[in-house]
Asks: 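Just passing along the structure, written as structure tokens.
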Amino acid sequence: MTRTVIPWPDKRLRTPAQPVTELTDAHRILWEQMIEVMEAMPGVGLAAPQLGEMVRLAVVDASEERGRVVRMANPEVLHASVQLREHEEASPNLPGVSAKVKRPRAVTVRFQNEHGEIEERDFVSLWATSVQHQIDHLNGRMYFDRLSKVKRDMLLRRARKLS
């Protein structure tokens, strides 16, 4: 059974997720469900709050060939490059609209992997954009929060017309 994403403006999308204190089989099952939803979109990442699950879990796979999913619990950016990269971002929680967002081109992220080990990894380009996008979700932020008020209001108006 494929899970479905919760629709904007569900208040859970504005609520910071709770840290994972101990990695359990339930978390591993949720990761697998998240991967299934991400692949069905198709997308390059998904955070647990997008499914209404308020825990700090995310999955990212920005590989061209797919199947290189990184499962993350409690991800945090340790270092971000000064150089920015602009990319068209969207969210299945607010379908039909997207916007160009500038984010650091590269980030170093610390997270707990599926084996419960703390890992630090460098992400570049689309991988970095997706990881940052997922961390925003875990913090109760949407990609359009990074737009100017005018652009954000236009995007939300366009999304309302579509729904």
Side-chain angles (χ1 to χ4, degrees), residues 1-20 23-77 80 85-101 103-117 119-146 155 159 162-163:
M1 176 195 88
T2 301
R3 303 270 305 255
T4 56
V5 296
I6 58 176
W8 172 262
D10 189 298
K11 70 180 189 318
R12 290 172 288 184
L13 294 169
R14 285 292 190 211
T15 306
Q18 295 300 307
V20 173
L23 211 48
T24 65
D25 286 342
H27 294 120
R28 289 180 181 89
I29 290 167
L30 179 55
W31 264 329
E32 295 313 309
Q33 293 170 340
M34 292 164 63
I35 292 166
E36 200 175 301
V37 171
M38 175 184 71
E39 293 297 339
M41 289 183 320
V44 293
L46 198 74
Q50 293 180 267
L51 301 180
E53 300 287 344
M54 301 311 296
V55 290
R56 295 185 75 81
L57 292 179
V59 294
V60 176
D61 187 350
S63 64
E64 285 188 28
E65 66 279 1
R66 305 306 281 182
R68 294 191 36 217
V69 177
V70 178
R71 295 162 180 82
M72 296 182 274
N74 306 319
E76 59 177 322
V77 174
R85 173 182 185 273
E86 189 174 67
H87 187 77
E88 193 77 21
E89 294 189 33
S91 175
N93 305 98
L94 190 67
V97 294
S98 63
K100 287 191 183 303
V101 178
R103 296 183 187 267
R105 189 188 75 75
V107 290
T108 302
V109 178
R110 178 174 39 219
F111 59 93
Q112 193 174 3
N113 66 25
E114 67 266 33
H115 307 294
E117 301 156 345
E119 195 175 318
E120 283 184 20
R121 192 182 291 192
D122 295 328
F123 295 95
V124 182
S125 200
L126 183 56
W127 283 90
T129 297
S130 182
V131 169
Q132 292 171 82
H133 182 110
Q134 306 324 316
I135 291 172
D136 275 357
H137 276 300
L138 298 177
N139 293 331
R141 295 186 74 188
M142 297 284 286
Y143 71 93
F144 53 77
D145 293 329
R146 296 189 172 275
L155 181 126
L162 291 170
S163 62

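Only this structure's heavy atoms are used, side chains among them; waters, hydrogens and symmetry mates stay out.
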Asks: Give the minimum heavy-atom separation between Met142 and Trp8, together with the two atoms involved.
Replies: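 Heavy atoms only, the tightest pair is CG-CZ3, 3.8 Å.
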Asks: I need the Glu120 CD to Glu76 CD distance, nearest 0.5 Å.
Replies: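 Separation between the atoms: 8.5 Å.
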Asks: May I ask you to test the Trp127-Val70 pair for a side-chain heavy-atom distance under 4.5 Å?
Replies: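 Sidechains of Val70 and Trp127: in contact.
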Asks: Determine the minimum heavy-atom distance between Val109 and Pro75, stating which atoms define it.
Replies: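 Here Val109 and Pro75 meet closest at CG1-CB, 4.0 Å.
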Asks: Applying side-chain contact (heavy atoms from CB on, under 4.5 Å) to Thr129 and Glu86, what does each step give before you reach the verdict?
Replies: CA-CA 9 Å; Thr129 297; Glu86 189 174 67; over 6 Å; no
Asks: Mind checking the CG-NE2 spacing from Leu126 to His133? Nearest 0.5 Å is all I need.
Replies: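 So the CG of Leu126 and the NE2 of His133 are separated by 11.0 Å.
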Asks: May I ask you to test the Glu39-Val59 pair for a side-chain heavy-atom distance under 4.5 Å?
Replies: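 The answer is no; the side chains never approach within 4.5 Å.
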Asks: Hey, what do you get for CZ (Arg146) to CG (Asp136), rounding to the nearest 0.5 Å?
Replies: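 Rounded to the nearest 0.5 Å, the CZ-CG separation comes out at 4.0 Å.
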Asks: Evaluate the side-chain proximity of Met38 to Arg66: yes if any heavy-atom separation is below 4.5 Å, no if none is.
Replies: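 They are in side-chain contact.
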Asks: With respect to His115, which candidate in Glu119, Gln112, Glu117 satisfies the side-chain contact (heavy atoms from CB on, under 4.5 Å) definition?
Replies: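 Among Glu119, Gln112, Glu117, the one meeting side-chain contact (heavy atoms from CB on, under 4.5 Å) with His115 is Glu117.
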Asks: So that I can tick it off, tell me whether Arg103 and Glu89 are bridged by a salt bridge, with the cut-off set at under 4.0 angstrom between side-chain N and carboxylate O.
Replies: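 Looking at Glu89 and Arg103, the cut-off is met.
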Asks: Rounded at 0.5 Å granularity, tell me how far OG1 in Thr108 sits from CZ in Phe123.
Replies: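 Answer rounded to 0.5 Å: 9.5 Å.
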Asks: Mind listing the closest non-hydrogen atom pair of Leu46 and Val5 along with its distance?
Replies: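 So the two residues come closest at CD1-CG1, 4.5 Å.
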Asks: Grab the two heavy atoms, one from Ser91 and one from Gln50, that are nearest each other, plus how far apart they are.
Replies: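 For Ser91 and Gln50, the tightest heavy-atom pair comes out as OG-NE2, 3.6 Å.
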Asks: CD/Gln134 to CE/Met34 distance, rounded to the nearest 0.5 angstrom?
Replies: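 Gln134 atom CD to Met34 atom CE measures 7.5 Å (nearest 0.5 Å).
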Asks: As a quick check of understanding, evaluate side-chain contact (heavy atoms from CB on, under 4.5 Å) for Gln132 and Ile135, giving each step before the final call.
Replies: CA-CA 5 Å; Gln132 292 171 82; Ile135 291 172; 5.7 Å; no
Asks: Does the pair Arg71/Glu32 count as a salt bridge with the N-to-O cut at 4.0 Å?
Replies: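 A salt bridge is present here (some side-chain N lies under 4.0 Å from a carboxylate O).
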Asks: When you measure from the side chain of Asn139 to the backbone of Arg141, do you find a donor-acceptor pair of N or O atoms at a distance under 3.5 Å?
Replies: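 No.
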Asks: Output, in order, the C-alpha distance, side-chain angles, deciding distance and verdict of side-chain contact (heavy atoms from CB on, under 4.5 Å) for Leu155 and Leu94.
Replies: CA-CA 10 Å; Leu155 181 126; Leu94 190 67; 3.9 Å; yes
Asks: Please report the shortest heavy-atom distance between Pro92 and Met41, naming the atom on each side.
Replies: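 Heavy-atom minimum between the residues: CG-SD, 3.2 Å.
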Asks: Where do Val124 and Arg85 land on the side-chain contact (heavy atoms from CB on, under 4.5 Å) test, with the steps shown first?
Replies: CA-CA 10 Å; Val124 182; Arg85 173 182 185 273; over 6 Å; no
Asks: To the nearest 0.5 Å, what is the distance between CG on Leu51 and CG on Leu30?
Replies: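 So the CG of Leu51 and the CG of Leu30 are separated by 6.5 Å.
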Asks: Do Val131 and Arg121 make a side-chain contact, defined as non-hydrogen atoms from C-beta onward lying under 4.5 Å apart?
Replies: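 Contact flag for Val131/Arg121 side chains = no.
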Asks: Is it true that, when you exclude Glu64 itself, more than 12 heavy atoms of the residues, nucleotides or ligands shown sit nearer than 6.0 Å to its CD?
Replies: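 No, not enclosed.
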Asks: Kindly give the heavy-atom pair with the smallest separation between Ala106 and Ala128, and that separation in Å.
Replies: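 Closest heavy-atom pair between Ala106 and Ala128: CA-CB, 4.0 Å.
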